[in-house]
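For the numbers below, each heavy atom of this structure counts, side chains included, while hydrogens, waters and symmetry mates do not. We name chains A, B, ... by the order of the sequence lines, and we start the count at 1 in each one. Predicted, not measured: the structure shown is a model, and the values here were computed from it.
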2 protein chains.
Amino acid sequence: MRDPEATLRQHALPVTAQRLAVLRAVSRHPHATADDLTASVCGELGTISRQSVYNVLNVLTDKGIIRRIQPADSAALYEDRIGDNHHHLVCRSCGKTEDVCCAVGEAPCLTAHSHHGFKIDEAEVIYWGTCPTCQKKKRS
Amino acid sequence: MRDPEATLRQHALPVTAQRLAVLRAVSRHPHATADDLTASVCGELGTISRQSVYNVLNVLTDKGIIRRIQPADSAALYEDRIGDNHHHLVCRSCGKTEDVCCAVGEAPCLTAHSHHGFKIDEAEVIYWGTCPTCQKKKRS
DNA sequence: TCCGAGATTTGGACTTTGTCAAAAAGAATG
DNA sequence: CATTCTTTTTGACAAAGTCCAAATCTCGGA
């Protein structure tokens, strides 16, 4: 995120300390939960209400400034990196999440064969597996 | 589901009225939530505890008898149809969920290019869009 | 610079979805 | 049929979010 303040103004959002701090926290911690971000923001501002974190995250997500991903059995995660149609790799045992580039090139995973008349706007892909660390733990 | 009772016995699970009823309910209502299924089972048995529904669904899911899908902003959904690696199409506005065949053939969507050392065991794909009914509603 | 309208932040109650634990009830083997 | 082990039930609890009203803040105009 180049300039959080400019980003907010571009989207006609009033600039507040909470918004700047949340935006920076998302930048610093990709794939963090609302709780993680709250902790991070508190380190910066001293305090922020839980509700404000949710407000800000919702507004930023609606505006397309950040992206929300919601893997099964996990709270929502937020990330900075948008517009490149990347996907995610999630560890079943520890929840660790990594980015992966779109597996099939540009954005062709957007095409479902039989679409039942739906107008599809996104193909969300989550690869489930075991991360290197947890693989080692299991063997030992 | 050919024979719910036989299915349970095959997996060494004691046969109970609750399990049979839940299994039948999942068969009858693909993509139903635990709540939906509770209602459906109550219609059949007269009553069932909320916890039992969760117990049964968890056990059946663990054994691979049914499959659980957890789209964002929705309670978990359960389905009968397993082992064919199909994916799902979810309406953003009403939540309606449809099956779609694997977009890329057999099960090759299992391959992520850079896998960061993860051992991948499943690629979950959710197509997000608007169902025919909601498309009409929006236009009017 | 100061004001005021409108948006944001806060705190607290509430909802939803699901799990935990202990006691009562039920299934299946011999 | 009796015993043992598993399920079911009940009720409390937890996590993640949302709703609402009051207090506060931002920003454009005077």
Bend angle of the helix from C/dT1-D/dA30 to C/dG30-D/dC1, end axes from five pairs each (to 10°): 30°
OP1 or OP2 of D/dT26 under 4.0 Å from side-chain N/O of A/Arg19: no
Nucleotide nearest B/Gln51 when distance is taken to its side chain, options D/dT18, D/dT10, C/dA28: D/dT10
Sugar-phosphate only, base, or nothing, as touched by A/Val59 at under 4.0 Å among non-hydrogen atoms: nothing
Any donor-acceptor N or O pair under 3.5 Å, side chains A/Glu79, A/His29: no
Minimum-distance nucleotide to B/Leu13 side chain [options: D/dT7, C/dT9, C/dG18]: D/dT7
Members sharing A/Leu77's hydrophobic cluster (side chains within less than 4.5 Å): A/Ile69
Interatomic distance where CG belongs to A/Asp73 and C1' belongs to D/dA15 [whole Å]: 12 Å
Residue B/Arg50, side-chain atoms from C-beta onward, closest of C/dG11, C/dG18, D/dC27: C/dG18
Candidate nucleotides C/dT10, D/dA16, D/dT10, ranked by approach to the side chain of A/Ala75 - the nearest: D/dA16
Residues A/Arg28 and A/Glu44 bridged, charged N to O under 4.0 Å: yes
Any B/Asn58 side-chain nitrogen or oxygen under 4.0 Å from OP1 or OP2 of C/dT19: yes
Sugar-phosphate, base or nothing in reach of A/Ser52, heavy atoms under 4.0 Å: base
Integer-rounded Å distance: C/dT17 P and B/Arg68 CZ: 14 Å
Euclidean distance, atom CG of residue A/Leu8 to atom C1' of D/dC25 [Å, nearest integer]: 15 Å
Rounded distance (nearest 0.5 Å) linking atom OG1 of B/Thr133 with atom CD of B/Gln135: 9.0 Å
Steps toward side-chain contact (heavy atoms from CB on, under 4.5 Å) verdict (A/Ile66, A/Leu23): CA-CA 8 Å; A/Ile66 62 176; A/Leu23 208 33; 4.0 Å; yes
Given DNA chain C, 5'-ward residue of the pair B/Ala17 and A/Pro14, judged by closest heavy atom: A/Pro14
Between C/dT17 (P) and B/Leu57 (CG): distance, integer Å: 14 Å
side-chain contact (heavy atoms from CB on, under 4.5 Å) between B/Lys96 and B/Val90, worked out: CA-CA 6 Å; B/Lys96 187 177 172 189; B/Val90 183; over 6 Å; no
Minimum-distance nucleotide to B/Thr16 side chain [options: D/dT8, D/dG17, D/dC19]: D/dT8
Nearest-nucleotide pick for A/Gln18, side chain only, options being C/dT10, D/dT26, D/dT9: C/dT10
Rounded distance in Å - CG (B/Asn55) to P (C/dA22): 15 Å
Rounded distance (Å) that lies between atom P of D/dG17 and atom CG of A/Asp36: 11 Å
Nearest-Å distance for atom pair CG/P, residues A/Leu45 and C/dT8: 17 Å
Step-by-step side-chain contact (heavy atoms from CB on, under 4.5 Å) determination, A/Glu122 to B/Ile126: CA-CA 8 Å; A/Glu122 185 191 345; B/Ile126 296 185; over 6 Å; no
Interatomic distance, B/Tyr54 OH vs D/dC13 P [rounded to whole Å]: 19 Å
Flag for B/Thr33-B/Asp36: side-chain donor and acceptor within less than 3.5 Å: yes
